[in-house]
Each structure stands twice: as structure tokens, then as C-alpha cells.
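The figures here come from the full heavy-atom set of this structure, side chains too, leaving out hydrogens, waters and symmetry mates. Every value quoted in this text rests on a predicted model; they were computed, and no experiment measured them.
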Amino acid sequence: MLCLVALALALASGAAAPAATSARSATPGTNGHLLVASGHRHEMALFTMQPRSGDRLLLQYGTEQGATYSPDGTKIAFMNNYDGDYEICVMNADGTGTKQLTKNSSFDGYPGWSPDGTKITFTSNRDGDLDIWVMNADASEQTNITSDDPWNDDAPRWSPDGRWIAIETDRYGGVSTELITPDGTRQATIGSVAYATWFDSWSPDGKSLLVDSNRGGDYDIYRYDISGTAPLQWDLMQGKIVSDDNAVEGPAIWSPDGKEIALSSNRDGDFEVYVMNAEGGPQRQLTHNAVDDVVLDWQSLHDLRAPSVKALPSRGTLGKAITLRFKASDNSGRASVGITVFLGKRPVAYLHTPLKKRSAGHAYTATWRSYKFNRPLRFCAEAYDPSGNESSESCARIVTS
């Protein structure tokens, strides 16, 4: 059973949109959306979130805390259990174009991209224990690179410079973070194995990494800097505390430009998302929910020009399908459009048109199946381009009879 196509329903606008995968830029990209898992464990929804405005777009139900953007920010690899066990899937950054990459009766999860976007590393127990696997981005040539060890190895993340893959392992009894080379050769353990250490993210230049560890009593965020080349000497790297709170903190994700860190913390009773300067300082809370919000990744962007959209006055008959008219364009030639229908100030419907060719000056339509309301109606449109840039909002009346 294929992973279900992403849902059109949205929590609010703020989506990224798809484009063809390309190699990672030589420099860090401009910061885009945050990728967040929300809900209860094993029953989480996946959404994207604008870190400035807080706008959200729901992408998937039934996912787990294992999803990541491709290096160019146009794709998302994720794990999904709609067929009864977890499989690796990939979709466009706005939730469209879902494709299943693995299909078997075993666990396949926690995908991570190679720096050039051509390969995906992931966890699978198809050989008995949890091992680290690598496959091409089209799912071909699936290879177990840690088949020689008897321990459970999990949650691989390729470094941006391509030198390392960070993994989590139970070879010392608890959870430890290790660095291995892309051929599976073990190199170094991060931090003391006397404490639990979970890998969080790489810095954009691949020279540092973030982990969350309970070495201070509760889980806090630590930074480790890597010097030298392989082989690394075991356990010589010293961690620098980044965020220390009387709560459980983690994961923590570096922004693509390296200037900020997004993290999750349960300091208010459940996990919420916070953003801070990478060098420390005050933290800004982004989510305020009664369920867990766990940050998974931070999207990089290379196209900085926003699309445009203009809502056009539309008319129709209440209780029937109403055609909503708008104009939209982008320098890439393509854009998707999110439309919210309002009854007075209250939103009553949301439509999400697919990524399509949009030409300046041309009018496009979306169909809304209306209800018999007794108050004035209007709709507001926002456009999104393949890199996740979004237009300002444009609104127009809906004249009804």
C-alpha cells in the first residue's frame, strides 16, 4: 500500500511547494520553514511552520518523529505506517507528490539525505537488528552498511560536508551518539557513554553538531566541535552547553545560515518549539498547544523572490459549487495557491491548489462547494513557489444569490 497522498486540509497557510531536486549549494541557504511533528507519539501529524509568522500547513497524518528536508529544501523524506509498519516515503515540500520508497514487512524509518541529495540513509531491521542502510534517492541499491555489528544502530544523519554519518547506538547499554564514515566504519563516540546522548543536528558547515543529553541530570542541549580528519580519537571532544533548563530539551536544529537554533522543550508541561540565537540568549516560543510539538528540521531556500497573487471578485449561488477567481505568477513559472473562505471574520473553508504553471496576467480558478450562509462571504488567497516563498495575502468579495 502506497503512503497516502498528503492531505489538502491545512491548519493555516504557510506552505513550501515542490521543485526538482538539485545539489546542495556551496553556502548555507536562507532560512525557510520549520518541519514539526505534532500530537501524541505514534499518532503524530507533520506540518511546516513559518518561524516568523507562525503560519502552518498540515502535510501528513500517521507519521513519526522521523522526517527531514532534502538539502535544497524542495523535498521531504519521512516515515509513515499506513500499511501497518513503517516505510520510507518522499514528498514535495508542500505535501504533494507522495511516493513510497521502501516496501517490506520490516521497520524502515528515520531517513536522512546525503549532501548532494542523491542518496538517503535510513534505519531498518530487515536483517534482524536495527542497522544503518543507504539507498539512492529513487530507492535503488539499498545497502546495509552496519551489518557486521550486533548492536542496534538508529537515526542516521549525514553531515553537510559528507565526511560523517551520525548515528544513535545501544552498543554501550544506553543510547549513545557515534560518528561513522559513509562506508559504515566506526570513528568516534560523542560525549560520555555513562549518560544518554541523542543526536540532534549538524551545523551547516559540518564542523559542529548538537545533541541532547542527561549528563546534567535532565536533558539539555550540547554542542560538540569536530577538529581534524579520520580517524578521530575516541571521546576526546568536549561538549559546550547551549540550552540548560529544568525540563527535557531536544531535539535541537541549526538554521541553514547557522545563526539560530530551533529546539523543543517540555518546560510548560508538553513539548513546544522555541528559537534562540545560536550563540545563546533569550528564547522565543513559537508553538502553544496542549499536545507535543517536536521540531525535526529547518528548510534551506535558494530562490528568494516571492510569488504574487491577486484575488478577483467572484460570484455564485449558495449551496452550489462557486468558482473562485484569482491571478498568480512566480519567476519560476510555477506556484501553488492556498485559499481561505471567510464568513465575516470566521474561516469556513480552505482550498489548496496544486503546483502549476502560472503566467502573469492570466486568471485561474478554484471550485468551492458552498453552503447556504446568511452573511457576506469573501476569500483570501496566498501563493507559494517551489522554494517555499510566499506572497502577501489578497482578498476579494464573493457575490452570492
Side-chain angles (χ1 to χ4, degrees), residues 3-4 6-7 11 33-49 51 56-70 75-82 85-91 93 95 98 101-102 107-113 120-125 130 132-133 152-158 165-170 175 177 196-202 209-214 219 221 243 247-254 261-267 269-275 286-287 289-299:
C3 298
L4 297 186
L7 301 173
L11 302 177
H33 293 78
L34 292 173
L35 189 61
V36 179
S38 182
H40 303 289
R41 186 167 178 82
H42 306 308
E43 298 177 352
M44 306 197 88
L46 193 65
F47 67 86
T48 62
M49 178 180 185
R56 302 184 181 191
L57 179 75
L58 180 64
L59 300 178
Q60 284 276 344
Y61 281 120
T63 58
E64 186 48 276
Q65 295 178 26
T68 182
Y69 282 108
S70 61
K75 300 283 185 180
I76 296 173
F78 64 102
M79 52 193 287
N80 188 294
N81 69 347
Y82 276 116
D85 63 88
Y86 282 102
E87 305 288 357
I88 303 298
C89 303
V90 67
M91 62 182 168
T98 300
L101 299 183
T102 64
F107 171 91
D108 293 327
Y110 300 105
W113 298 84
I120 294 175
T121 182
F122 63 99
T123 303
S124 180
N125 65 354
L130 290 175
I132 307 303
W133 290 65
N152 287 312
D153 300 322
D154 203 359
R157 285 294 182 269
W158 222 304
I165 297 176
I167 67 171
E168 294 165 0
T169 181
D170 66 355
V175 177
T177 295
T197 302
W198 303 81
F199 178 79
D200 289 339
S201 73
W202 289 98
L209 52 84
L210 297 175
V211 303
D212 57 274
S213 175
N214 65 352
Y219 281 92
I221 308 300
S243 182
V248 174
E249 297 186 309
I253 307 297
W254 244 298
I261 291 172
L263 62 96
S264 297
S265 173
N266 70 350
R267 65 191 65 167
D270 59 83
F271 281 94
E272 305 289 357
V273 178
Y274 300 80
V275 171
L286 299 185
T287 62
N289 295 320
V291 297
D292 290 333
D293 289 326
V294 180
V295 64
L296 305 178
D297 204 0
W298 201 325
Q299 180 193 32

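For I76 against A67, the heavy-atom pair with the smallest separation is CG2-CB, 4.3 Å. Summarising the geometry of D212 relative to P251, their closest heavy-atom pair is OD1-CA, 4.2 Å, with the distance given to 0.1 Å. Smallest separation of non-hydrogen atoms from W298 and Y69: C-CD1, 4.0 Å. Across all non-hydrogen atoms, the minimal contact from S70 to W113 is N-NE1, 3.4 Å. Minimum heavy-atom separation, N80 to C89: CB-SG, 4.2 Å. The two residues S213 and A196 have their closest heavy-atom pair at OG-O, 3.0 Å.
Annotation: salt bridge (Lys or Arg N to Asp or Glu O under 4.0 Å) contacts of D108 (sequence neighbours excluded): R126. Listed by chain and residue number, T287 satisfy the side-chain hydrogen bond (donor to acceptor under 3.5 Å, both in side chains) test with E272 (two or more places apart in sequence, or in another chain). Applying the side-chain hydrogen bond (donor to acceptor under 3.5 Å, both in side chains) test to N125 and every residue at least two apart in sequence or in another chain returns nothing. By the side chain to side chain contact (heavy atoms under 4.5 Å, CB included) test, V175 pairs with E168, W198, sequence neighbours left out. Taking F199 as the reference, W202 meet the ring-ring contact (aromatic ring centres under 6.0 Å, His included) condition, with sequence neighbours excluded. Legend: residues meeting side-chain hydrogen bond (donor to acceptor under 3.5 Å, both in side chains) with S38, ordered by chain and number and at least two apart, are D293. In this structure, the side chain to side chain contact (heavy atoms under 4.5 Å, CB included) partners of T123, at least two apart in sequence or on a different chain, are F107, Y110, L130, I132, D154, P156. Shown here are the side-chain hydrogen bond (donor to acceptor under 3.5 Å, both in side chains) partners of T169, two or more places apart in sequence or in another chain: D153.
Screening L210, I253, I221 for a side chain to side chain contact (heavy atoms under 4.5 Å, CB included) with I261, the sole residue that qualifies is L210.
To the nearest 0.5 Å, atom CG of residue D200 and atom CG of residue L209 are 9.0 Å apart. Note that the CD atom of E249 and the CG atom of L263 stand 6.0 Å from one another [nearest 0.5 Å]. Going from atom CZ of F47 over to atom CG of L296 covers 9.5 Å, rounded to the nearest 0.5 Å. Interatomic distance, CE of M44 versus CD of Q65, reported as 4.5 Å (0.5 Å rounding).
With contacts defined as side-chain heavy-atom distances shorter than 4.5 Å, the pair L101/I120 qualifies. Looking at F122 and M79, their side chains never come closer than 4.5 Å, going by heavy atoms from C-beta outward. In this structure, the side chains of M49 and L286 come closer than 4.5 Å at one or more pairs of heavy atoms. In this structure, P111 and T121 have side chains that are not in contact, with every pair of non-hydrogen atoms separated by 4.5 Å or more. Considering only heavy atoms from C-beta on, V248 stays 4.5 Å or farther from R267 through its side chain.
In this structure, T48 contributes its side chain and L34 its backbone to no donor-acceptor pair below 3.5 Å. Without hydrogens or angle criteria, D292 side chain to H40 main chain gives no donor-acceptor distance under 3.5 Å. Between the side chain of S264 and the backbone N or O of V273, no donor-acceptor pair lies under 3.5 Å.
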Steps toward side-chain contact (heavy atoms from CB on, under 4.5 Å) verdict (Q299, L35): CA-CA 7 Å; Q299 180 193 32; L35 189 61; over 6 Å; no
